[in-house]
Student: 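Next up is a structure, given as structure tokens.
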2 protein chains.
Amino acid sequence: MTKENIMEESLTLFANQGYENTTLANIADAVGIKKPSIYNHFDNKEAIFLSVLYHVAERESDYLISETSLSKDHTIAERLKHLYCTYLDHMSNSTEGMFFKRVTFFPPEDFSDDIQEVFLMIEKTLTDILVPILEQGIKEKVIRPLPTEQLTSAFYTLTNGLFLEENFYDKEVFHKRQEASWEVFWLGVQCPGKEE
Amino acid sequence: MTKENIMEESLTLFANQGYENTTLANIADAVGIKKPSIYNHFDNKEAIFLSVLYHVAERESDYLISETSLSKDHTIAERLKHLYCTYLDHMSNSTEGMFFKRVTFFPPEDFSDDIQEVFLMIEKTLTDILVPILEQGIKEKVIRPLPTEQLTSAFYTLTNGLFLEENFYDKEVFHKRQEASWEVFWLGVQCPGKEE
DNA sequence: CCTACCGATCGGTAGG
DNA sequence: CCTACCGATCGGTAGG
């Protein structure tokens, strides 16, 4: 029970301040115990981080699979847009998203191998959701017959770009950017002659 | 002279390790002086950061103006692509680029206002270069007649996305991503019926 | 520009 | 799960 509390509070602190700026005293305070009591549950600070990292990785994969997919009676455009919006909203507004952004973009040096492993795993989960939609879109002649690798690449660049921008614009401007960038992406990806 | 050395070495350390993980002892070692001597040139650690931040901001604006523009006897496509490639290459391979990436994505809390100011200033410099090219492109019917705000927005999202991806892919994969994402952007921005 | 030093805080330990 | 404590290191100061 206490162990789960330590992990939960550590996740929040790592997400908001980063690993290096979070002290064991911060964690103990958040949990409501004294600092040395943490050592009843974890060997050291690094062990807490790794435990949190792999736990979050699992939860994120589950989340992506269950929440970002849209049933097959929606159009390709709707399914792609839904994936885009849900993924962005999750990464912007959840503690897990913040944590994941931090550790992937500026990994604490000691853990860079573990973090890369987790990153590639989650990207693979997303790719597995994305590729069937794109292939279906190409088959229906809604999406240009470009290599799927190129299409997924452009999709990831789009979402990654908005991650960064989310830090600098207020909600309203960010939402305009999100829509504007999506529209240009969609124009690029759409089959010519199919514009609405 | 020593003051400039302190700023130069601090820039490198901040770029590679981040502000919080750089100690005054690190800086002093890199410069080749003892830690207290730093206080002959700066009031405290924060003053070093702000000094570096604004100095780099100026240099970056100058760089953008002088290096990313291409003379008017190139096509719109060439000028846009050149701006894109030059900007990305600079952000990926220079110490200044690394510094910017760090501070814009996870700003040290105490400086978030200053960092936002610098980010918006540099974005404005880039907008002033970008908008005339886009307007010319629309006039020549090479670029879709979308609002320039939407076109610049998509361009920034594209570069920001790659800006981050450069951190977690090797050079080869990154270069493929850079090309793939550009092509989709260009397809979205290009006037229909003008595809090469 | 240096030596010598400060109080605060870091991750972690001893011992109950 | 706690009190009491460790050596190392942090940003910063005194004084020359």
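Lettering of chains follows the sequences in order, A, B, ..., and the numbering in each one begins at 1. Below, each value reflects all heavy atoms present in this structure, side chains not excepted, and no hydrogens, waters or symmetry copies.
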Student: Given C/dC2, is OP1 or OP2 found less than 4.0 Å from the side-chain N or O atoms of B/Lys34?
Tutor: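 Answer is no, no contact under 4.0 Å.
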Student: What's the closest nucleotide to the A/Asn44 side chain, out of C/dC2, C/dG12, D/dT13?
Tutor: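 Minimum distance to the A/Asn44 side chain belongs to C/dG12.
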Student: Are A/Phe185 and B/Phe185 close enough that their ring centers fall under 6.0 Å?
Tutor: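 No, the ring centres sit 6.0 Å or more apart.
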Student: Return the minimal non-hydrogen interatomic distance between B/Met7 and B/Val52, and the atom names on each side.
Tutor: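 Nearest heavy atoms, B/Met7 then B/Val52: O-CG2, 3.7 Å.
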Student: Nearest whole Å is fine: how far is D/dG11 P from B/Leu13 CG?
Tutor: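 Interatomic distance, CG of B/Leu13 to P of D/dG11: 12 Å.
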Student: Using atom CD1 of A/Ile38 as one end and atom C1' of C/dC10 as the other, report the distance to the nearest whole Å.
Tutor: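 About 13 Å, once rounded to whole Å.
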Student: Provide the Watson-Crick or G-U wobble partner of D/dG16, both distances under 3.5 Å; none if there is no partner.
Tutor: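 Per the H-bond distance test, C/dC1.
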Student: Taking side chain as C-beta onward, heavy atoms only, is B/Phe49 less than 4.5 Å from B/Asp110?
Tutor: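 Of all side-chain heavy-atom pairs linking B/Asp110 with B/Phe49, none is under 4.5 Å.
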Student: Could you state the CG-C1' distance from B/Asp43 to D/dT13, rounded to the nearest angstrom?
Tutor: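 Computing the B/Asp43:CG to D/dT13:C1' distance gives 13 Å.
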Student: Between A/Glu20 (CD) and C/dC10 (C1'), how many Å, whole number?
Tutor: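 After rounding, the reported distance stands at 14 Å.
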Student: Consider the side chain of B/Pro36, meaning its heavy atoms from C-beta on, and name the nucleotide among C/dT13, C/dT3, C/dG12 that approaches it most closely.
Tutor: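 Side chain of B/Pro36 sits closest to C/dT3.
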Student: Whole angstrom is fine here: how far is it from NZ in A/Lys35 over to P in D/dC2?
Tutor: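 It works out to 13 Å between those atoms.
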Student: Between the main-chain N or O of A/Met91 and the side-chain N or O of A/Ser94, is there a donor-acceptor pair closer than 3.5 Å?
Tutor: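 Checking the backbone N and O of A/Met91 against the side chain of A/Ser94, no donor-acceptor pair under 3.5 Å is found.
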Student: Verify whether the ring centers belonging to A/Tyr19 and A/Phe111 lie closer than 6.0 Å.
Tutor: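 Between A/Tyr19 and A/Phe111, the centre distance is under 6.0 Å.
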Student: I need the CG-P distance between A/Asn21 and D/dC10, as an integer number of Å.
Tutor: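 Interatomic distance, CG of A/Asn21 to P of D/dC10: 14 Å.
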Student: For A/Glu46 and for B/His41, locate the closest nucleotide of DNA chain C by heavy-atom distance; then report the residue assigned to the nucleotide nearer the 5' terminus.
Tutor: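 The 5'-side residue here is B/His41.
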Student: Counting only side-chain heavy atoms from C-beta out, which of C/dC2, D/dC2, C/dG12 sits nearest to A/Leu24?
Tutor: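 It is C/dG12.
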Student: Would you indicate what B/Thr23 reaches in the nucleic acid, counting non-hydrogen atoms under 4.0 angstrom: base, sugar-phosphate, or nothing?
Tutor: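 Answer is sugar-phosphate: B/Thr23 comes under 4.0 Å of backbone atoms only.
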Student: Paired with C/dC10 by Watson-Crick or G-U wobble geometry, both distances under 3.5 Å: which nucleotide is it?
Tutor: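 In the structure as shown, C/dC10 has D/dG7 as its Watson-Crick or wobble partner.
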Student: Please give, in whole Å, the distance from C/dA8 P to B/Lys45 NZ?
Tutor: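 Taking NZ of B/Lys45 and P of C/dA8, I get 19 Å after rounding.
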Student: In whole Å, what is the span from the CG atom of B/Asp29 to the C1' atom of D/dC10?
Tutor: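 One finds 14 Å between C1' of D/dC10 and CG of B/Asp29, rounded.
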